[in-house]
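What you see is a predicted model, and the numbers here were worked out from it, not measured in a lab. In each ligand, atom 1 is the first atom listed, and ligand 1 is the first ligand listed. Here, residue 1 is the first one in the sequence, and each next residue gets the next number.
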Amino acid sequence: MTAFDLGRKVFVAGHRGLVGSAVVRALHAQGARPPIVKGRNELDLADQAAVDDFFSNERPDYVFLCAAHVGGIQANASFPAEFIRNNLAIQTNVIHSAWKHGVSKLLFLGSSCIYPKFAAQPIREDALLTGALEATNEAYAIAKIAGLAMCQAYRRQYGFDAIVPMPTNLYGPGDNYDADGSHVVAGLIRRFVSAVQTGDREVVVWGTGTPLREFLYVDDLADALIHLMHHYESDEPINVGTGQELSIDELARRIAAACGFTGTVTFDASRPDGTPRKRLDTSKLDAMGWRARTDLDTGLRRTVAAYRQLLE
Ligand code: GDP
């Protein structure tokens, strides 16, 4: 097992995003040496030559590859070309140059949407590639599957220590609150907070409200990722989740409560529901002694507070 040494050079790719910013916070909290981070204007991860120069000059020891082109159900369904192109480019460049320039260990962030739409629940890691994908995010999922396959190939052929955690749906401070591009938690926080401010008595939730989802607070994910950097070394992906799911209807009510909204919640069934259910089987991670610590209501309260601060 390659030891993960917090005193050595870590590169966090995607440090301004939801996950990357949480990884930077967690590394800091654990007393790690400040990681190398690069803004998009300094280093375009889709530019192969620039990425290779960066690795050749900086020579990081470890990489958290959290940079990705991400978005909610609407953005994925509307812009599949950008989702597949940007993600393939970013991950191919970073994984290849990291290996080429001697990185000891790389973590490539996967996603639970890589699993088949109708996978048996809870979803085990070996459900991968056993059935058709959910159509709304197929382009993104295929890019992530290609990234996993690349990590596996580099491990097999070159002995490169690349690991691929598969997180469930994430939320927390630092999320993208774009009206059309966001995921469900950020999208609903934005709408409920706005309704409270303007005195609107009705908030519309997309879809039927019946899909089931599992939500992991992003600081818990960051903690899990560091745990995996220390203790996991395998070409098999590993799920990261809470094992608890709830309907979008119930989620909307919890978010309404966290925002202090007391009006009516209605559903717009003309919007897509996406996959009906995707609860992860986390037995592998459980066996490693890791558990999520933040319950949903606590996580939502913190996220709403962080969002309100952004508005100030
Ligand atoms: P998914 O897990 O890949 O489908 O990601 P999302 O977070 O985008 O959507 C999760 C579920 O929440 C889907 O069933 C959506 O239709 C539903 N949903 C309800 N309201 C919203 C919203 O305002 N934004 C988003 N993104 N999804 C919403």
Side-chain angles (χ1 to χ4, degrees), residues 17-19 68-80 83-84 87 109-119 121-123 132-145 166-172 174-196 200 202-218 221 239-242 244-256 258-259 261 263-280 296 299-300 303-304 307:
L18 175 66
V19 177
H69 188 100
V70 297
I73 193 164
Q74 164 101 0
N76 269 277
S78 312
F79 308 111
F83 276 83
I84 196 158
N87 285 309
L109 195 72
S111 162
S112 61
C113 71
I114 61 151
Y115 292 120
K117 174 167 185 163
F118 297 113
Q121 308 282 320
I123 310 175
L133 297 164
E134 155 61 29
T136 50
N137 54 25
E138 193 176 58
Y140 177 77
I142 287 177
K144 286 286 179 189
I145 293 170
M166 297 295 174
T168 188
N169 287 37
L170 303 169
Y171 71 103
D175 210 339
N176 159 22
Y177 289 93
D178 181 71
D180 291 324
S182 64
H183 285 99
V184 60
V185 174
L188 292 183
I189 287 179
R190 179 191 164 116
R191 290 216 286 289
F192 282 117
V193 166
S194 157
V196 170
D200 255 6
E202 185 190 341
V203 164
V204 179
V205 174
W206 299 352
T208 59
T210 55
L212 297 169
R213 292 289 185 277
E214 179 186 344
F215 295 93
L216 179 66
Y217 190 59
V218 73
L221 173 71
N239 291 339
V240 187
T242 62
Q244 284 170 6
E245 59 183 355
L246 77 174
S247 68
I248 295 299
D249 182 351
E250 175 62 20
L251 173 75
R253 285 166 213 289
R254 303 268 198 108
I255 297 177
C259 297
F261 175 82
T264 319
V265 173
T266 54
F267 293 89
D268 176 1
S270 69
R271 297 275 194 162
D273 270 341
T275 198
R277 193 177 180 197
K278 48 173 169 175
R279 184 179 145 217
L280 294 181
L296 184 63
L300 289 176
T303 309
V304 171
Y307 176 65

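Within the 4.5 Å cutoff, the side chain of I189 has heavy atoms near those of the Y177 side chain. Counting heavy atoms from C-beta on, the side chains of Y115 and N239 come closer than 4.5 Å. Under the 4.5 Å side-chain criterion, counting only non-hydrogen atoms from C-beta, L251 is in contact with L296.
Of the residues listed (Q244, R213, Q121), the one engaging R279 in a side chain to side chain contact (heavy atoms under 4.5 Å, CB included) is Q121, and it is the only one.
Remark: minimum distance from atom 26 (N) of ligand 1 to any protein heavy atom is reached at S182 O, 2.9 Å. Atom 14 (O) of ligand 1 has its closest protein heavy atom at D273 O, 2.6 Å. Looking at atom 17 (C) of ligand 1, its nearest protein heavy atom turns out to be W206 O, 3.9 Å. Given atom 4 (O) of ligand 1, the protein heavy atom at minimum distance is R213 NH2, 3.0 Å. Of the protein's non-hydrogen atoms, the one nearest atom 5 (O) of ligand 1 is H183 CD2, 3.9 Å. Considering only non-hydrogen protein atoms, atom 7 (O) of ligand 1 sits nearest to V184 N, 2.9 Å. From the protein, the heavy atom lying nearest to atom 15 (C) of ligand 1 is P272 O, 4.0 Å. If you check which protein heavy atom lies closest to atom 11 (C) of ligand 1, you get I248 CD1, 3.6 Å.
Residue-level proximity to ligand 1 for N169 is carried by the side chain, the only part with a heavy atom below 4.0 angstrom. Contact annotation for E134 and ligand 1: no heavy atom of the residue comes within less than 4.0 Å of the ligand. In R271, neither the side chain nor the backbone holds a heavy atom less than 4.0 Å from any atom of ligand 1. Under 4.0 Å from ligand 1, not a single heavy atom of A252 appears.
Using a 4.0 Å cut-off to heavy atoms of V205, the atoms of ligand 1 that qualify are 19 (C), 20 (N). Every atom of ligand 1 is numbered from 1 in the order shown, and the set under 4.0 Å from a heavy atom of G72 is 8 (O). Interface atoms of ligand 1 facing N137, defined by a heavy-atom separation under 4.0 Å, are 3 (O).
Around atom 23 (O) of ligand 1, the closest heavy atom drawn from Q74, R190, R191 belongs to R191.
Taking the six-membered ring where tryptophan is involved, the planes of F261 and F192 are tilted, since the angle between them lies from 30° to 60°.
The shortest N or O to N or O distance between I73 and ligand 1 is below 3.5 Å.
Although no hydrogens or angles enter the test, the distance criterion places a donor-acceptor pair under 3.5 Å between the side chain of N87 and the main chain of H69. Using modelled atom types, one side-chain atom of K144 and one backbone atom of L109 make a donor-acceptor pair closer than 3.5 Å. Formation of a donor-acceptor pair under 3.5 Å by the D175 side chain with backbone atoms of Y171 is not found in this model.
Side-chain N/O atoms of D268 and S270 include a donor and acceptor closer than 3.5 Å.
Put simply, part of K278 is less than 4.0 Å from ligand 1, judged by heavy atoms.
Counting heavy-atom neighbours within 6.0 Å of F267 CZ, excluding the residue itself, gives a total above 12.
Taking the charged nitrogens against the carboxylate oxygens, R277 and E245 do have a contact shorter than 4.0 Å, which makes a salt bridge.
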